[in-house]
2 protein chains.
Amino acid sequence: MSTTNKPRRVTIDDVARSTGVSRQTVSRAINDKPEIDPATRQRILTVAQEMGYRPSRFARGMVRQSTTTLGLVIADVLNPFFPEVVAGVLEAADARGWQVVIYTTASELSREQKVAETVVDHVDACVAFLLDAAAIARVADSGMPFVLMGNEDRPVELSTVRIDFASGIRQAFDHLVSRGHRRIAMIDDRNRAESGAPDVRSGLFTAAAAEYGLPVEPHWRQLATNSVQGGAAAMERLLETAPEVTAVVSYNDMIAIGAMRHAMARGLAVPGDCAFVGFDGLTLGELVDPPLTTLSIDKRRLGQAAVEQAAAQMAGTGAMADTVVRTELMVRAST
Amino acid sequence: MSTTNKPRRVTIDDVARSTGVSRQTVSRAINDKPEIDPATRQRILTVAQEMGYRPSRFARGMVRQSTTTLGLVIADVLNPFFPEVVAGVLEAADARGWQVVIYTTASELSREQKVAETVVDHVDACVAFLLDAAAIARVADSGMPFVLMGNEDRPVELSTVRIDFASGIRQAFDHLVSRGHRRIAMIDDRNRAESGAPDVRSGLFTAAAAEYGLPVEPHWRQLATNSVQGGAAAMERLLETAPEVTAVVSYNDMIAIGAMRHAMARGLAVPGDCAFVGFDGLTLGELVDPPLTTLSIDKRRLGQAAVEQAAAQMAGTGAMADTVVRTELMVRAST
DNA sequence: TTGAAAGCGCTAACAC
DNA sequence: GTGTTAGCGCTTTCAA
């Protein structure tokens, strides 16, 4: 019976043995310590290289009180909103010498839970876009520094970075109403609406509409999957059920662009027959035709703020913080 | 003299002591092992939570021969090309249960070297967009599984995933020549051109132009920083130095879009006065006006292929591989 | 069901 | 310059 012992990893001891020195000396060579004979160092380095020796990150991490790894949970890298947040996170993390591990959930609740499960034992702190209450609780309960991003409301006892959609929607209404619009529809994000997260944007939309004395019809609200295609599909339905609307406010720019393009493809003039307002302020919005009016937010800042809060928690400084990022209305040709 | 001993971390032993059990038992509770009295487990969990106990990733990683961490090095998350690659990498990594740590270099050589330095002792394998020879060597010499992405040529002894720009450019020429274009300019990426990387795209462009018997003037080549703005700036210069060109091929879609928009802002008709061809096949290209003709590549596949090669190296399977991703010409209204 | 012993691979601190 | 002695915090035997 021949036992195929699986190829154990090459350790510092193996190198030490092969070189005829102590492992401490090997350690010195590997780590470029000064107190070592240059010749010995070179010999060790050569042998180590030949043997394919690579120090164990874990053993190292254990003995030096080292690196912080930050978990970053987003829905989807392909949605241009997130890369901007990621840029802010990477920047702020880099400034602190932190590593960033990235996870995506596609905003699917089951994925969120899996990710939450994974993240808790792979990182030291976490900043996350998460909708599912169980997933949020999982990370929060782990006791690691945790910052929840993007939700409208603020779960108790949680550090958060939020977007002020409510005030944004008022800016949109001010603008649209001044342009003479009265019948305004909303296309909301399906995943978020169905997540059970308390404050969906269309709720805030309805509330604000009431403030402005605007009519609201149930069929003026559509749900869309979070993409250009999703926006187009929602617009298609909206055109059928509510051709009377003269303006559409969307959950975000991607959806708005899809909706707007679909309307144009159907022969509507923008903004003549129907005006469109997006949300996020993606660069993309300036590039499409017509350029998209949008409620812009500082996405980079959002990422940075989250990291700063995580850092504060790590340091034990300050209690749970709550950063609210405001929107800025960028009026362009779609309204 | 009061010694302020810095807050040592809560260990499993602390919890054991506080609970009056051995640390194995705590370990059992924490890890949901079956062989433990449910009551004990609950008690331990509660105390652990109260004490703020969190298992050390390093100690854990050391004892179980666990998780693989993949380093992913890209230039910039804000360039929409990379998110698509990232999506492919995340997908393939996730399928293997790997964690992905992300690094950005902005294609700056000094950043690349710093990142290379960092990456080698923070990850188990690395897939990277890297231009600087020293940075590449640093990672390659570390001995970790390493896949270099995006370069035109293939450094010896390296696993690579490349883009076939040369054949792409021929597709572009076929198309443009058939449309009657003869005076074709190229806007290349400045960082890459200046990186000292051997095979810059404009070189391949010039060679292909010769094949097609097309004239090539030195001032028909411009360098741009990698962004819409960079493309616009380059087009501005091109319009001054070479108003005679009737078509422009760009390093990528972002640059092409910037150039195209600038031309239109200057009053040129597209494609009437000047046609534009991009490279990458970004979604963005379909959304701009006019939609951009482009040499599309499967960016997601690119990321997946890189992870697969890294996995093969980890497994010791197969030698250095070389995947070449081909382009597909998407003809749209800009030509 | 629980505990004791034995490392995992490495580096810091102190000898020699 | 180099070797020795201790752990870092955890899980995996194995014994009770």
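Residue Thr104(B) is tested with Val73(B), Asn79(B), Asp76(B), Ile74(B) for a side chain to side chain contact (heavy atoms under 4.5 Å, CB included); the sole match is Ile74(B).
Ile12(A) places its CD1 atom 14 Å from the C1' atom of dC8(C), with the value rounded to the nearest Å. With rounding to whole Å, Asp121(A) atom CG is found 13 Å from dC10(D) atom P. The CZ atom of Arg57(A) sits 14 Å away from the C1' atom of dC10(C) (whole-angstrom rounding). Rounded to whole Å, atom C1' of dC10(D) lies 9 Å from atom CG of Asn31(B). Look at CZ on Arg60(B): it is 18 Å from P on dG9(C), rounded to the nearest Å. Here dT11(C) presents its C1' atom at 14 Å from CZ of Phe58(B), a figure rounded to the nearest Å.
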Q | Verdict with reasoning, Asp322(A) to Thr160(A), per side chain to side chain donor-acceptor pair (under 3.5 Å) | A | CA-CA 5 Å; Asp322(A) 178 37; Thr160(A) 48; 2.6 Å; yes
Q | Verdict with supporting geometry, Arg301(B) and Glu308(B), salt bridge (charged side-chain N to carboxylate O under 4.0 Å, His left out) | A | CA-CA 10 Å; Arg301(B) 174 81 203 109; Glu308(B) 279 157 20; 3.4 Å; yes
Q. What do the steps show when you test Arg60(B) against Asn31(B) for side chain to side chain donor-acceptor pair (under 3.5 Å), and what is the final call?
A. CA-CA 11 Å; Arg60(B) 270 196 168 157; Asn31(B) 296 297; 2.9 Å; yes
Q.
Working note: Thr68(A) + Asp124(A), criterion side chain to side chain donor-acceptor pair (under 3.5 Å); need CA distance, chi angles, decisive distance, verdict.
A. CA-CA 6 Å; Thr68(A) 299; Asp124(A) 305 308; 4.8 Å; no
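In this structure, CE in Met149(A) is found 14.5 Å from CZ in Arg162(A), a value given to the nearest 0.5 Å.
Ala135(B) meets the side-chain contact (heavy atoms from CB on, under 4.5 Å) test with Glu112(B), Gln113(B), Ala116(B), Leu130(B), Asp132(B); sequence neighbours excluded. In this structure Glu50(A) satisfies the side-chain hydrogen bond (donor to acceptor under 3.5 Å, both in side chains) test with no other residue, sequence neighbours excluded. Partners of Phe82(A) according to the ring-ring contact (aromatic ring centres under 6.0 Å, His included) rule, which considers only residues two or more places apart in sequence or in another chain, are Phe129(A). Under the side-chain hydrogen bond (donor to acceptor under 3.5 Å, both in side chains) criterion, Ser110(B) pairs with no residue, sequence neighbours left out. Every residue meeting the side-chain contact (heavy atoms from CB on, under 4.5 Å) condition with Asp37(A), not counting sequence neighbours, appears here in chain and number order: Ala39(A), Thr40(A). Remark: Ala92(A) engages Arg96(A), Gln304(A), Val307(A) in a side-chain contact (heavy atoms from CB on, under 4.5 Å) (not counting sequence neighbours). Looking at residues two or more places apart in sequence or on another chain, you find a side-chain hydrogen bond (donor to acceptor under 3.5 Å, both in side chains) between Gln99(A) and Tyr103(B). Remark: Asn191(A) pairs with Ser107(A), Asp189(A) by the side-chain contact (heavy atoms from CB on, under 4.5 Å) rule, at least two apart or across chains.
Inter-axis angle, ends of the helix from dT1(C)-dA16(D) to dC16(C)-dG1(D), five pairs per end, rounded to 10 degrees: 30°.
Side chain of Met62(B), nearest nucleotide from dA12(C), dG9(D), dC10(C): dG9(D).
Here Ser27(A) does not reach the OP1 or OP2 of dC10(C): none of its side-chain N or O atoms lies under 4.0 Å away. OP1 or OP2 of dT11(C) has not a single side-chain nitrogen or oxygen of Lys33(A) nearer than 4.0 Å.
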Can you pull every protein N or O that's under 3.5 Å from an N or O on nucleotides 4-7 of chain D?
from: dA6(D); atom 1: N6; to: Arg23(A); atom 2: NH2; distance (Å): 2.9

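Only at 4.0 angstrom or more do the heavy atoms of residues 44-52 of chain B sit from any atom of DNA chain C, so none qualifies. Taking every heavy atom of residues 35-43 of chain A and every atom of DNA chain D, pairs under 4.0 Å involve Glu35(A), Ile36(A), Asp37(A), Thr40(A), by number.
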